[in-house]
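Beneath this line is the structure, given in structure tokens, with notes to follow.
Numbered from 1 within each chain, the chains take letters A, B, ... in sequence-line order.
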Amino acid sequence: MTSNLLLQVENVGIQFGGLKAVQNVNMHMNKGELVGLIGPNGAGKTTTFNMLTGVYQPTEGVITFDGKNLKGLKPYQVTKLGISRTFQNIRLFKDLSVLDNVKVANHNLAKHSILSSIFRLPNHFKGEEKMDRESIEFLKIFGLDVYKDELAKNLPYGMQRRLEIARALAAKPQLLLLDEPAAGMNPQETHHLMELIAFIRKEFDLTILLIEHDMHLVMGICERIYVLDHGQLIADGTPEEIRNNPKVIEAYLGEEVIE
Amino acid sequence: MKKSKAFWVYIIFALVIYTIVQVMISGGTLDLYYQNILIQMCINIMLAVSLHIVIGITGQFSIGHAGFMAVGAYFSAIATMNLGLPFFVALIIGAVAAGFAGLLVGIPTLRLKGDYLAIATLGFAEIIRIVFLNIDYVGGAAGMVVTNMTTWTFAFVGVVLTIFVIANFTNSRHGRGAIAIREDEIAADAMGINTTYYKVVAFTIGAIFAGLAGGIYSHNFFIIQPTTFNFLKSFDILIYVVLGGLGSLSGSVIAAIFLTIVSAYLSNFPETRMIIYSLVLILVMLYRPTGLMGTKEITHLFKFGKKGGSKV
Amino acid sequence: MEWIQQLVNGISVGSIYALIALGYTMVYGIIKLINFAHGDVFMLGAFIGFFAITRWDVGFLPALIISMVLCAIIGVIIERVAYKRLRSATRIAALITAIGVSFLIEYTMIFFRGPGLETYPEVLPNTSIDVFGVSVSSKSILILIVTIILMILLQFIVHKTKIGKAMRAVSLDADAARLMGINVDNTISATFAIGSALAGAAGVIFGAYYTRIEPLMGVLPGLKAFIAAVLGGIGNIPGAMVGGLVLGVVETVVSAFGFSLWRDAAAFIILILILILKPSGLFGKNTREKV
Ligand SMILES: Nc1ncnc2c1ncn2[C@@H]1O[C@H](COP(=O)(O)OP(=O)(O)OP(=O)(O)O)[C@@H](O)[C@H]1O
Ligand SMILES: [Mg+2]
């Protein structure tokens with residue numbers, strides 16, 4: 001089984017000033033899995049993503065991806081290793097076209113140097129054309145190719161969410177991290193998005209870790225689920241097990257009482 | 001190939017402008033006064049475009065650009081006056097020296113953000129100036145005497161080269177990476193862009209061409225002094241970029257042309273010029289913070305039918 | 001015992017930096033703006049004091065107070081006219097505007113009265129006082145006393161009055177403060193008023209101490225004061241005081257060692273070292289951007 005292991009998170013934690021936002025988290029993901037990460041607001045889900053992608057360095061613990069320790073790596077290095085992500089609060093390159101948004105993520109696909117671009121050597125044209133072709137393919141999957149020349153900021157909200165995923169995919173990840181991809185979408189859009197996720201997972205042999213608040217959705221598509229509460233992992237297991245776990249019910253009930 | 005069509009259009013456009021001006025100079029329509037304004041204009045365009053790659057493209061707020069201009073000005077002057085090298089070699093030396101200065105300043109400071117970066121670049125520019133002020137070899141505060149070698153041809157070739165390099169950089173995967181940093185540094189990093197690297201590259205390219213402009217500047221006058229390259233000079237360059245539109249190369253060129261003319265008219269009233277400049281800056285920031293052109297290029301205006309990014 | 005006098009000189013310059021730095025730090029703390037024009041308010045303060053003394057024939061203290069009041073008003077006008085609209089703009093847009101305001105003040109001043117020098121009349125007793133067996137100029141001592149009084153006053157305002165509490169609340173979290181019923185706009189204006197009054201005071205003190213004033217005199221002290229504020233941890237009031245004093249003493253030491261031409265570079269080198277090594281300053285807390 002170990003050869004199948006893609007991501008391993010051991011006793012990871014992070015502290016902001018005095019606040020322990022995440023502590024003692026242990027997780028693992030096998031190649032090809034689709035795993036959910038849930039928990040009430042402020043549980044530490046996004047913070048976990050940030051540690052997995054090098055945006056924050058954990059103050060304790062070890063993260064191993066594909067046999068490599070991620071300690072000290074910058075986000076772009078982690079991305080090159082094969083982890084890519086979307087953001088909860090959409091972070092597109094607003095003043096770039098839809099196509100260019102994807103091409104940015106395609107950056108490392110082409111190899112032409114700065115000098116060959118400045119002097120417009122053949123390598124430049126070959127590289128850029130390759131990036132164009134590949135990027136359009138990603139846009140097609142998400143039905144965004146017709147908007148390729150539109151500025152990202154002019155897309156409707158639901159499409160911006162999809163463009164974020166297309167862009168993340170263009171970075172050619174093995175592991176894709178989706179932070180509330182369906183947030184703000186209506187049920188129909190959400191349904192469509194879930195089909196898309198299932199599709200790209202097959203098509204690109206992806207392993208996916210998904211943060212989502214919509215319980216039905218998570219329960220419906222994830223094979224396994226981790227539950228965070230107050231920065232700690234309180235449960236993990238199949239959707240069935242999670243549904244009946246008293247700790248999980250308590251964590252969510254507690255939240256509802258507050259709301 | 002259709003991609004290189006834009007390149008030829010650019011070259012032909014440049015040649016046409018050059019020929020027209022050259023004919024007017026030879027024919028005596030443009031006397032020395034106007035020639036000097038044209039050279040000044042070229043220098044300002046180079047400065048504007050070289051700051052545009054730092055602020056407009058990469059989104060890194062530098063307000064010390066005059067420091068790199070100073071390095072180029074002094075090093076090229078040393079090369080011609082003290083070492084007796086040919087002018088164009090001196091220009092290359094000035095540009096390379098400024099590029100090194102850009103690298104040295106950029107590596108430590110570019111991890112700072114926003115206003116902190118701005119202040120740090122201002123600090124470095126002042127340090128550069130104070131260093132020249134204290135070196136007797138280059139005349140200290142009294143300045144350095146430089147022979148007039150700059151011609152309209154040198155200045156114009158400088159502009160063409162600056163625009164060529166910076167536009168081609170911008171319209172490539174590298175420039176796209178730099179723009180991504182401007183748009184959202186965290187997202188750019190997460191998409192695999194080595195943000196530190198591209199910030200330093202853009203900063204260094206900017207410094208190189210500011211240095212080239214500095215060399216052309218120092219040989220267009222009879223003396224250079226450290227005070228010339230103070231914060232006021234950096235402020236002048238900043239205005240071109242801000243007024244033209246943060247992110248628009250053609251905008252900063254237009255602003256540089258326009259403001260060179262304005263300041264030529266107001267050369268006898270320097271206070272009035274400064275009052276107008278600062279009022280313009282304040283009003284632009286309050287009412288049109290994107291500047292004249294925003295991130296658009298003038299070539300966009302000529303593209304009917306299909307939309308698309310400009311390619312030079 | 002040349003050294004004691006040098007040290008006193010350093011502390012005197014430093015206390016002027018500190019007074020200006022307080023305005024920078026308070027404004028930055030509350031609206032995250034480097035108010036570039038602050039050094040020019042200092043300049044205006046020096047001129048107001050000069051006119052009060054020469055035209056209206058008042059003494060040092062009344063001139064100081066007149067200058068503080070007028071500078072407070074000027075500060076509020078600048079804030080209301082130029083900066084208020086920029087609250088939701090990018091920090092860079094705000095910084096550019098502030099640079100614009102700074103140049104506007106400087107060159108409007110030059111436009112109307114020319115760039116020439118003005119010489120302050122002798123308003124302070126200039127004798128040597130014996131301190132622990134060392135003679136120190138009485139001017140330095142007086143300046144120090146005035147500065148200390150102003151700083152105590154500021155501490156009192158910030159910590160003991162309602163407006164001071166409001167200022168601290170707004171700088172922590174403007175939205176929360178608004179929800180708690182604090183008038184954020186007025187609080188910001190009050191911050192500008194207090195900061196500018198201190199700059200005005202610094203202007204008069206500068207004039208009385210160094211005697212020469214001119215329209216561009218605010219540029220370098222303004223930058224230095226900003227450096228002092230960064231050194232102390234921008235947004236941190238005691239930090240600005242310490243930062244100002246440290247900077248003043250460092251500069252005097254650099255000059256005393258015979259590197260007076262490098263004095264200004266020293267300040268900028270301190271700035272860059274602090275920004276790179278510990279951007280939160282000597283007394284600041286590190287914060288991280290949330291993603
Ligand atoms: N950079 C930071 N500095 C200080 N505290 C932070 C930082 N980033 C996150 N936190 C804190 O860590 C805790 C966890 O936040 P996080 O964003 O990970 O929650 P989440 O599970 O993603 O919640 P949500 O469902 O609302 O997105 C919160 O208390 C948050 O305020
Ligand atoms: Mg979250």
Out of curiosity, B:Arg176 CZ to A:Leu96 CG, how far, rounded to the nearest 0.5 Å? 8.5 Å

Is atom CZ of B:Phe13 surrounded by more than 12 heavy atoms (other residues, nucleotides or ligands) closer than 6.0 Å? no

Neighbour count >12 (heavy atoms, 6.0 Å) for atom CZ, A:Phe204: yes

Can you tell me how far apart NZ (A:Lys94) and OG1 (B:Thr295) are? Round to the nearest 0.5 Å. 13.0 Å

Compare every heavy atom of B:Ala180 with every heavy atom of A:Val104, then report the nearest pair and how far apart it is. CG1-CB, 3.7 Å

Near B:Tyr116 OH, under 6.0 Å, is it more than 12 heavy atoms from other residues, nucleotides or ligands? yes

For A:Lys80 versus B:Gly192, what's the shortest heavy-atom pair and its separation? CE-O, 4.4 Å

Heaviest contributor of heavy-atom pairs below 4.5 Å to chain B, chosen from A:Asn101, A:Leu115, A:Val78, A:Asp95, is A:Asp95

Tell me if a side-chain donor or acceptor on B:His174 pairs with a main-chain N or O of A:Ile118 at a distance below 3.5 Å. no

Without swapping roles, check the side chain of B:Arg173 against the backbone of A:Ala110 for a donor-acceptor pair under 3.5 Å. yes

Measure the CG-NE2 distance between B:Asn168 and A:His124 for me, rounded to the nearest 0.5 Å. 7.0 Å

Rounded to the nearest 0.5 Å, how far does OH of B:Tyr198 lie from NE2 of A:His107? 3.0 Å

Leading residue by heavy atom contact count with chain A [cutoff under 4.5 Å; candidates B:Asp184, B:Val201, B:Thr170, B:Thr196]: B:Asp184

Okay, A:Thr86 and chain B: the region with an atom under 4.5 Å from a heavy atom over there is neither

Intermediate values then yes/no, side-chain contact (heavy atoms from CB on, under 4.5 Å), B:Ile186 and A:Arg91: CA-CA 8 Å; B:Ile186 286 166; A:Arg91 280 178 172 269; 3.7 Å; yes

Between the side chains of B:Glu183 and A:Lys153, is the shortest nitrogen-to-carboxylate-oxygen separation below 4.0 Å, so that they form an ion pair? no

Flag side-chain contact, heavy atom, 4.5 Å: B:Ile179 against A:Phe93: no

Has the side chain of A:Ser117 got a donor or acceptor atom that lies under 3.5 Å from a matching backbone atom of B:Phe169? no

Count the heavy atoms belonging to other residues, nucleotides or ligands that lie under 6.0 Å from NZ of A:Lys71, then report whether that count exceeds 12. no

Under 3.5 Å, is there a donor-acceptor pair between the side chain of B:Asp189 and the main chain of A:Tyr76? yes

